[in-house]
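Every heavy atom of this structure was used, including side-chain atoms; hydrogens, water molecules and symmetry mates were not.
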Amino acid sequence: MHAFDVKIGINPISWSNDDLPSLGGEIPLQQALAEGAAIGYRGFELGNKFPRQPEALAAALAPHGLQCVSGWHSGRLAERGVDAEIAAVEPHLRLLAASGCRVMVYGEVAQAIQGQPRPLSQRPRFRTERQWRDYGERLNAFGRHLQSHGLTLAYHHHMGAYVETPDDVDALMAATGPEVGLLFDSGHIAFAGGEPLAVLRRHIDRVVHVHCKDIRPQVARLARNRGWSFLESVLNGVFTVPGDGVIDFEPLLRALAEHDYRGWLVVEAEQDPVVAPSYRYAELGFRTLAGLVASIRAGAPERSCA
């Protein structure tokens, strides 16, 4: 097994939430960056408080020794053509490419209900093989466009969207080619009823980015039974950081290491920072992952730094 060549990053959602701006809205970006760097994180994904110009973004990150990991693109290929998607992504693509990113997080938001007060059961679905095939063809073409600019599409399966469950992920991977990478999110797949390790192993050849999110299963059960929306589920604490829930991250990371995954492990857990203080939980997530990475590397013939 090669050295586990990964870096540990974090999404700013621990400090302030893009879907619910009132959560952590008062926390300045510089506080999040300073605390993340102090904990030991190597980089941040983008959020709504980050500058959107390459020079300004670099100026914000550089004093803390942080890298730009990636950033979410709200895609609509489920309802529009490739040319329109390429035009919509252009400023974001330029920002990520100029910032040294290697992947772009793609989240399908067409008809998605993740930001709406509707039960998760009302999410959109592709009903026919033809719909999956057409969607996959558009994703492939969009992925090729990103590749021509040095980025890989990292498709984020997400609660409340077309691709949510393990069966959806299977269908997506079958409908797309290597131009479309998979962002594996342990918390979302667990909330969707999947067994994270089984899903990861099934599609590990396609994984290009990893979100390490833990889950509180008792809250997930209530969310289903009571017909909560995605945001209600978040507010009630369905997600948390590695080390605070029930997901065993050791076999997940070991599977990635054995498959020679090279990239980012990103702590991402939508929580209310008033209930789950940002620094405390960000530190727990980092300590959990860093300890596992160090243990895995100790059994490898080479070492590299997290």
- line: Heavy-atom nearest pair, Ile13 first then Glu270, reads CD1-CG, 3.0 Å
field: Candidate pair Val6 and Val293, rule side-chain contact (heavy atoms from CB on, under 4.5 Å), full reasoning
entry: CA-CA 8 Å; Val6 292; Val293 170; 4.1 Å; yes
- request: Search all heavy atoms of Leu96 against all heavy atoms of Cys68 and return the closest pair with its distance.
  value: CD2-SG, 4.4 Å
message: How close do Val267 and Pro242 get, counting heavy atoms only, and between which atoms?
response: CG1-CD, 4.2 Å
message: Checking His209 now: which residues fulfil ring-ring contact (aromatic ring centres under 6.0 Å, His included) with it, not counting sequence neighbours?
response: His211
message: For the residue pair Glu179 / Gln147, report whether a side-chain donor-acceptor contact shorter than 3.5 Å exists.
response: no
Inter-residue atom distance Leu256.CG - Phe184.CZ, 0.5 Å rounding: 8.0 Å
query: Do you know the tightest heavy-atom contact between Ala190 and Ile247?
result: CB-CD1, 4.1 Å
task: Would you check if there is a donor-acceptor pair between the side chains of Arg102 and Thr152 at a distance under 3.5 Å?
output: no
message: Can you confirm whether Leu265 sits close enough to Lys7 that some side-chain heavy atom of one is under 4.5 Å from a side-chain heavy atom of the other?
response: no
- prompt: Under a 4.5 Å cut-off applied to non-hydrogen side-chain atoms, are Arg42 and Ile8 in contact?
  reply: no
- prompt: Is it true that a side-chain atom of Arg297 and a backbone atom of Phe4 form a donor plus acceptor pair closer than 3.5 Å?
  reply: yes
message: Determine whether Glu283 and Glu35 satisfy the following criterion, side-chain contact (heavy atoms from CB on, under 4.5 Å), listing intermediate values before the conclusion.
response: CA-CA 9 Å; Glu283 184 179 40; Glu35 291 183 353; over 6 Å; no
query: Could you give the distance from NE2 (His158) to OH (Tyr106), rounded to the nearest 0.5 Å?
result: 13.5 Å
- request: Check Val103 against Ser70 and note the closest heavy-atom contact, atom names and distance.
  value: O-OG, 2.8 Å
task: Look only at the side chain of Thr176 and the backbone of Gly136, and say whether a donor-acceptor pair between them is shorter than 3.5 Å.
output: no
- line: Here the gap from Glu268 atom CD to Ile10 atom CD1, rounded to the nearest 0.5 Å, amounts to 9.5 Å
- prompt: Of all residues at least two apart in sequence or in a different chain, which pass the side chain to side chain contact (heavy atoms under 4.5 Å, CB included) check with Ala78?
  reply: Glu108, Ala110, Phe126, Tyr135, Tyr162
message: Enumerate the salt bridge (Lys or Arg N to Asp or Glu O under 4.0 Å) contacts for residues 65-75, please, sequence neighbours excluded, ordered by first and then second residue.
response: none
field: Point-to-point distance, once rounded to the nearest 0.5 Å, from NZ of Lys213 to CG of Asn11
entry: 7.5 Å
- prompt: Judged by atom type as modelled, is there a donor-acceptor pair below 3.5 Å linking the side chain of Asp5 to the main-chain atoms of Arg262?
  reply: no
Full working for side-chain hydrogen bond (donor to acceptor under 3.5 Å, both in side chains) between Gln116 and Arg118: CA-CA 5 Å; Gln116 300 178 17; Arg118 296 169 58 189; 3.1 Å; yes
- request: Could you tell me how the ring of Phe44 sits relative to the ring of Phe50: parallel (under 30°), tilted (30 to 60°) or perpendicular (over 60°)?
  value: tilted
- line: Residues passing the side chain to side chain contact (heavy atoms under 4.5 Å, CB included) test with Thr128, sequence neighbours excluded, are Arg130, Gln131
- prompt: What's in the same ILVMFWY side-chain cluster as Trp72, cut-off under 4.5 Å, chained through other members?
  reply: Val105, Val109, Leu183
field: Side-chain (His157) to main-chain (Asp185) donor-acceptor, under 3.5 angstrom
entry: yes
message: Would you say that more than 12 heavy atoms from the other residues, nucleotides or ligands in this model lie under 6.0 Å from the CD of Glu129, or not?
response: no
- prompt: For Cys212, does its backbone N or O pair with a side-chain atom of Ser186 as donor and acceptor, under 3.5 Å?
  reply: no
Over 12 foreign heavy atoms within 6.0 Å of CZ, Arg125: yes
field: Pairwise ring-ring contact (aromatic ring centres under 6.0 Å, His included) hits with a residue in residues 241-283, at least two apart
entry: none
message: Quick check: closest heavy atoms across Ser229 and Ser233, and the distance to 0.1 Å?
response: O-OG, 2.8 Å
task: Apply ring-ring contact (aromatic ring centres under 6.0 Å, His included) to Tyr41 and list each qualifying residue two or more places apart in sequence or on a separate chain.
output: Phe286
field: For Arg138, all residues meeting side-chain hydrogen bond (donor to acceptor under 3.5 Å, both in side chains), sequence neighbours excluded
entry: none
- prompt: With Ala255, which residues qualify under side chain to side chain contact (heavy atoms under 4.5 Å, CB included), at least two apart?
  reply: Leu197, Leu200, Ile204
- prompt: Leu153 versus Leu139: any side-chain heavy-atom pair under 4.5 Å?
  reply: yes
- request: Could you tell me the separation between the OG atom of Ser99 and the CG atom of Leu46, rounded to the nearest 0.5 Å?
  value: 7.0 Å
query: Given Leu182 and His156, is the side-chain contact (heavy atoms from CB on, under 4.5 Å) satisfied, shown in steps?
result: CA-CA 7 Å; Leu182 179 65; His156 193 332; over 6 Å; no
Salt bridge (Lys or Arg N to Asp or Glu O under 4.0 Å) partners of residues 224-235, not counting sequence neighbours, each pair once: Glu164-Arg224
task: Determine yes or no for a side-chain-to-main-chain donor-acceptor pair under 3.5 angstrom, with Asp214 supplying the side chain and Val246 the backbone.
output: yes
Sub-4.5 Å side-chain heavy-atom contact between Leu29 and Leu33: yes
- prompt: Is any side-chain heavy atom of Leu57 less than 4.5 Å from a side-chain heavy atom of Leu95?
  reply: yes
field: Electrostatic pair Asp168-Arg123, nearest N-O below 4.0 angstrom
entry: yes
task: Would you please name every residue forming a side chain to side chain contact (heavy atoms under 4.5 Å, CB included) with Ala141, sequence neighbours left out?
output: Val82, Arg144
field: Gln114 side chain near Leu120 side chain, heavy-atom distance below 4.5 Å
entry: no
task: Compare all side-chain heavy atoms of Thr288 with those of Val241 and state whether any distance is below 4.5 angstrom.
output: no
side-chain contact (heavy atoms from CB on, under 4.5 Å) between Glu79 and Gln111, worked out: CA-CA 9 Å; Glu79 65 183 11; Gln111 287 92 50; 2.7 Å; yes
query: Could Glu258 and Arg254 be called an ion pair, given the rule that one side-chain N must be under 4.0 Å from one carboxylate O?
result: no
field: Spacing of His73 atom NE2 and Leu146 atom CG [to the nearest 0.5 Å]
entry: 8.0 Å
- prompt: Counting distance only, does the side-chain N/O of Gln53 pair as donor-acceptor with the main-chain N or O of Ala56 below 3.5 Å?
  reply: no
- prompt: Should Glu85 and Arg80 be marked as a salt bridge (charged side-chain N to carboxylate O under 4.0 Å, His left out) after you check the CA-CA gap, both sets of side-chain angles, and the distance that decides it?
  reply: CA-CA 7 Å; Glu85 198 66 53; Arg80 69 182 173 194; 2.9 Å; yes
field: Those residues that, when tested against Arg52, pass side-chain hydrogen bond (donor to acceptor under 3.5 Å, both in side chains) (two or more places apart)
entry: His92
